[in-house]
Amino acid sequence: MDIENAAKAKGSGKSTFCDQVMPSSTRPWVRICQDTIGNGKSGTKAQCLKSAASALKDGKSVFIDRCNLDREQRLEFVKLGGPNVDVHAVVLDLPAKLCISRSIKRTGHEGNLQGGKAAAVVNRMLQKKELPKLSEGFTRITLCLNESDVQACLNTYSALGPMDTLPNGYFGQKNPDAKIQLGIMKFLKKAEVPAANTISDASRIQSSFSPQVFQEKNPGYKRVENVSSFPVNTAKDLKECEDLAVCSAGSHILNDDAPTLAFPSISTSDFQFDLEKASDIIIKKVEEFVNKLGNVRLVLVDLSHRSKILSLVKAKATEKNIDSSKFFTFVGDITRLCSERGLHYNVIANAANWRLKPGGGGVNASIFNAAGPALEVATKEQAKSLQPGKSVAVPLPSTSPLFSREGITHVIHVLGPNMNPQRPNCLNNDYITGCKVLSEAYTSLFEDFASIVRTQAKLAKGKNVNLVTNPLGLQEHNEGVNMKHSPNNDQKSKREDVNYYDKSKKYKGSLYEAEANIHDFRTEKEHTNNDKIDASTTKVWGSWAQALYHIAMHPEKHKDVVLEILDDVVILHDLYPKARRHLLVLTRSEGLDCLTAVRKEHLNLLRTMHDVGMRWVEKFLQEDASLIFRLGYHSAPSMRQLHLHVISQDFDSKHLKNKKHWNSFNTAFFYDSVDVIKDVSNHGKATLRDDESLLSTELRCHRCRSAHPNIPRLKSHISNCRAPFPHSLLQSGRLVLPP
DNA sequence: GTTCTAGAAC
DNA sequence: GTTCTAGAAC
C-alpha cells in the first residue's frame with residue numbers, strides 16, 4: 001500500500017488544513033501540493049521545490065502540502081527561502097488507531113487478514129516517521145495530537161495577516177522524539193473491526209501520515225535557531241501570541257497540570273498606578289512566591305498584546321531568569337482562557353472594588369458578568385467589603401459558567417491602591433504608601449492562592465491516608481490531579497491500559513469533584529483487591545455523575561433547580577424530566593449514594609423521602625387531576641446520591657428518548673418506594689434487581705402491556721392508551737391517583 | 001445522566 | 001433517503 005496515495009485520497013476533502021486556512025486568510029498563500037502539481041496529477045519533489053521557490057520570490061507565503069515524514073524529505077524545503085524566511089511545521093499527528101482504521105476502510109479490505117496487513121503498514125510508517133525538530137531549521141513547530149489542537153492551529157494560521165509573525169518555538173508536546181504511538185499493538189488486534197468512516201476522519205488520517213511543512217515568507221524577520229517553547233499550545237490570535245513568548249530559552253516543560261492562578265495586573269488600569277513601579281512589584285512578589293509555592297503556575301493576564309504592563313513584566317521576568325514554567329504572561333480574556341486559549345487554570349484574581357460589587361468596568365465587570373449571579377452570592381458569604389492591599393478568596397459555585405466552562409474553582413478578589421483622583425481612597429501620588437499597599441495586595445493574593453492549593457492537597461492526602469489501605473502512590477496522583485480541570489482537553493490518553501492516573505485525568509478535577517474522585521479511587525482499589533467486597537462500595541461514579549451530590553451538599557448554591565430544602569432532603573426538578581411532572585427527592589446524607597447502600601438505619605430517611613414526595617404529588621394532583629404518579633428508585637442509578645423519582649405516568653416528554661429511559665421507569669428496574677421501605681423494614685436491605693438486561697428488554701406499554709418496535713411508536717401509543725394499569729401497580733399504593 | 005453520530009433498519 | 005438505535009465520549 002502506498003501511503004502517499006492513501007493520503008491523497010482523503011486530501012481532496014475540504015477539511016484539509018490548507019483548504020481551511022487559505023480562504024479565510026488575508027495573507028497571500030500559495031499551496032504547493034505534490035499530488036496535483038503535475039497539471040492536476042501527481043508530480044515530483046523537484047517540481048514542488050521549483051514552484052515554492054518562485055512563489056517565495058513573488059512575496060507569497062507558501063504551504064508545502066506533501067508527505068514530509070522524515071528529515072531528509074524536509075531538508076530541501078526548509079533550506080528554500082534562506083535565512084530570512086520563517087519556516088514553520090504543522091504536524092498533524094493524530095492517533096495511530098485512526099490512521100489504521102481509515103486506511104483499512106479506504107482500501108476496502110475489511111477482512112481480518114487485509115485489515116491486519118494495512119495496520120502493519122501503517123505501523124511501519126509510523127515507526128519510520130521522524131517528527132520535525134527545531135534544529136532542522138524550523139522556526140516554529142506546532143504539533144497537533146487531536147482535533148482541538150488542529151482547530152486551534154487552524155485558527156492561528158487563519159488569523160495570520162500579511163505582516164504578522166508568530167512566536168518561535170515548539171508547541172504541543174513534551175517529547176518531540178516520540179516516534180510511535182503507544183497502544184498501537186493493542187489496536188492491531190482489533191483491526192478486523194474497522195472504525196467508522198467520515199470525511200473529517202479521512203482528513204485526520206491523511207494528516208497522520210503526512211506531517212506537512214508550511215513555509216511562509218517573512219522578510220525582515222530574523223531567524224532564531226534555538227528557540228523557547230511556551231506553556232501554551234493553543235492560541236488563536238497571532239499578534240497576541242507574541243506576548244506569550246516570555247519563557248526562557250530551551251525550556252520544554254509544559255507544566256500544564258499544575259494548579260494555576262491567572263491574575264490581572266492590579267491597580268494599573270483604572271487606578272492609574274505607575275506601570276514601571278507596578279511591574280517591579282509584580283516581579284518581586286512572583287519571585288518570592290514562585291519558589292515557595294512548589295508546583296504551581298502564576299500567570300499574568302491582560303486583554304491586549306499591546307499591553308504595556310505585560311511587556312514590562314515579561315522583560316523583567318526574562319531578566320531575572322524566573323522559571324517560565326511557573327510564571328509567564330498571557331494574552332486573553334481572563335474569563336475565557338481555557339475555552340478560548342487552551343490554558344488550564346483553576347483560580348483567577350479579580351481587580352475588585354472595595355464594595356466587592358459587580359459593575360464598574362474592566363476586569364471586575366467582566367469577571368462578575370462571566371461568573372453569573374452565583375459569584376455575587378458567594379462573595380457576600382465571604383466578605384462585605386475589602387481594604388486596599390487585602391484580598392478575599394471566594395469558592396466558585398458549580399452553577400457558575402466560569403466553573404463549568406473554564407474549570408475555575410475560586411475567584412480571589414484583590415483591592416489594590418488607587419492613584420486615580422476620580423476613585424475612592426486616592427493616594428495622591430504617594431507612591432511610598434502605594435507601593436507598600438500594592439505589595440501587600442500581591443502577597444495577600446498569592447497567599448490566598450497558596451492556601452487554596454494547600455487545603456486541596458491536604459484534603460486529598462487526608463482522604464487517602466484514611467481510605468486507601470495500600471497507597472501505591474495514589475497520594476501523589478491525587479495531589480497532581482487535584483487542581484486539574486480541563487473542560488476542553490480532548491486529548492485522548494494514548495495508553496489503553498488505563499491506570500488510576502489516566503482515569504483520574506479524564507475527570508474534570510475541580511476542587512469539589514476532587515473529593516468524589518478520591519472516593520472513586522478507594523472503591524475501585526478495593527474492588528480490585530477484594531472481590532468479595534460488598535457491591536455498595538464498588539460502584540465507580542464518573543465525573544458527570546456528581547451533579548446531584550453537589551446539589552445535596554450545597555443546595556443553597558443551586559437555587560435555580562432546587563424547589564425546597566429540608567433538613568434531610570432536597571427537592572428539585574429533574575433536569576431532563578421524562579414526564580409532565582418529574583421531581584427528585586434527594587437525600588442530603590453524605591455517602592448514601594444508591595439503594596444498595598440502604599440499611600435499616602435509613603428507614604426513617606426513606607419514609608421522609610416518600611412523605612415529602614407524596615406532599616408534592618398532592619400539590620400536583622390539585623393542579624391537574626388527570627395525572628397519575630409513581631414514586632420509586634432506580635435499581636442502579638447513573639447519578640450518585642440516593643434520589644427518589646416522583647414521576648407522572650403520562651411520560652409525555654421530549655427528554656424520553658430511548659429504551660433505557662423507558663425501561664428504567666417501567667420494568668423491575670424501577671423500585672417502588674413503598675416496596676423499598678417494606679423490603680428494608682423486613683429484610684434490612686433492598687433486594688437487588690439491577691439486572692442490566694431489564695433496560696434493554698422490549699418496549700411495552702405500562703398500561704396495556706402491548707409491545708412496540710421503537711420509541712416513537714411506543715410514545716405514540718402511550719399518548720392514546722387509556723387501558724387500566726396492571727393489577728400489580730394498583731396494589732400497595734404503588735400508583736398514586738387523585739382521591 | 002446527555003450528546004453525538006455511524007450505520008442498521010426501514 | 002430517512003429514521004432510529006446503540007455505543008462512545010463526556
Side-chain angles (χ1 to χ4, degrees), chain A residues 15 94-95 97-98 101-102 104-106 110 146-148 183 187 190 193-202 204-205 338-339 398 403-407 484-494 496 498 502-510 513 516-517 520 539-552 558 561 572-579 582-584 586 593-594 633-645 647 653-665 669-670 690 692-693 695-699 708-717:
Chain A
S15 52
L94 294 105
K97 190 162 131 174
L98 207 56
S101 60
R102 295 309 300 137
I104 292 166
K105 189 78 189 178
R106 189 169 36 248
E110 304 198 15
N146 57 47
E147 200 106 4
S148 68
F187 178 76
K190 296 182 196 159
V193 189
N197 188 1
T198 65
I199 290 169
S200 70
D201 275 355
R204 279 189 259 172
I205 291 202
C338 184
S339 57
S398 54
F403 179 96
S404 48
R405 186 191 67 219
E406 303 295 319
K484 181 163 166 73
H485 183 107
S486 49
N488 280 4
N489 178 9
D490 2 9
Q491 185 163 334
K492 316 258 181 326
S493 167
K494 286 181 189 168
E496 302 211 2
V498 176
D502 286 342
K503 193 160 181 73
S504 69
K505 277 190 147 184
K506 290 179 185 165
Y507 291 117
K508 293 183 174 180
S510 71
E513 286 168 350
N517 292 345
D520 295 345
K539 174 113 186 173
V540 174
W541 303 96
S543 59
W544 41 263
Q546 310 290 343
L548 294 178
Y549 170 76
H550 293 321
I551 294 171
H558 299 268
V561 286
L572 64 147
H573 284 296
D574 191 296
L575 189 56
Y576 299 92
K578 303 300 183 293
H582 186 183
L583 298 185
L584 301 179
L586 182 64
D593 283 339
C594 59
Y633 300 85
H634 282 158
S635 298
S638 295
M639 304 290 278
R640 179 183 176 198
Q641 194 72 6
L642 185 70
H643 54 281
L644 171 68
H645 290 269
I647 185 166
S653 164
K654 61 175 183 179
H655 297 294
L656 200 155
K657 291 173 176 168
N658 60 44
K659 200 174 238 188
K660 185 177 174 180
H661 290 154
W662 177 258
N663 283 334
S664 70
F665 290 102
F669 190 87
F670 191 81
D690 59 327
E692 281 287 305
S693 64
L695 295 176
S696 50
T697 50
E698 59 188 344
L699 298 166
H708 299 269
N710 55 45
I711 287 288
R713 297 268 287 274
L714 173 76
K715 288 179 85 169
S716 151
H717 168 83

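Note on naming: letters A, B, ... go to the chains in the order of the sequence lines (proteins, then strands), and numbering restarts at 1 for each one. The shown structure was predicted, so the numbers you read here are calculated from the model rather than taken from an experiment.
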* From the options C:dC4, C:dA6, B:dG1, select the nucleotide whose nearest atom is closest to the side chain of A:Ser638. => B:dG1
* Measure from CG on A:Leu699 to P on C:dT3 and round the result to the nearest Å. => 19 Å
* **Rounded distance (Å) that lies between atom C1' of C:dA6 and atom CD1 of A:Ile711** => 12 Å
* To do: May I have the distance from A:Trp544 (atom CH2) to B:dT2 (atom P), rounded to whole angstrom?
  => 10 Å
* Taking OP1 and OP2 of C:dT5, is either one under 4.0 Å from a side-chain nitrogen or oxygen of A:Lys657? -> no
* Step by step, work out the side chain to side chain contact (heavy atoms under 4.5 Å, CB included) result for A:Leu656 and A:Lys715. => CA-CA 9 Å; A:Leu656 200 155; A:Lys715 288 179 85 169; 4.2 Å; yes
* To do: Verify the neighbour count for atom NE2 of A:His573: are there more than 12 heavy atoms of other residues, nucleotides or ligands below 6.0 Å?
  => no
* To do: Answer yes or no: does a side-chain N or O of A:Lys578 lie under 4.0 Å from OP1 or OP2 of B:dT2?
  => yes
* Side-chain N,O (A:His661) to OP1/OP2 (B:dG1) below 4.0 Å -> no
* Do A:Phe403 and A:His550 have ring centroids that are under 6.0 Å from one another? -> no
* Asked: To the nearest Å, how far apart are A:Leu695 CG and B:dG1 P?
  -> 9 Å
* Asked: Over how many whole Å does the gap from A:Arg713 atom CZ to C:dC4 atom P extend?
  -> 9 Å
* To do: Calculate the interatomic distance between A:Leu575 atom CG and B:dG1 atom P; express it in whole Å.
  => 11 Å
* A:His634 and A:His645 aromatic centres sub-6.0 Å -> yes
* Starting from C1' on C:dT5, measure out to CG on A:Leu656 and report it in whole angstrom. => 14 Å
* d(CG, A:Asn710; P, B:dG7) in whole Å -> 21 Å
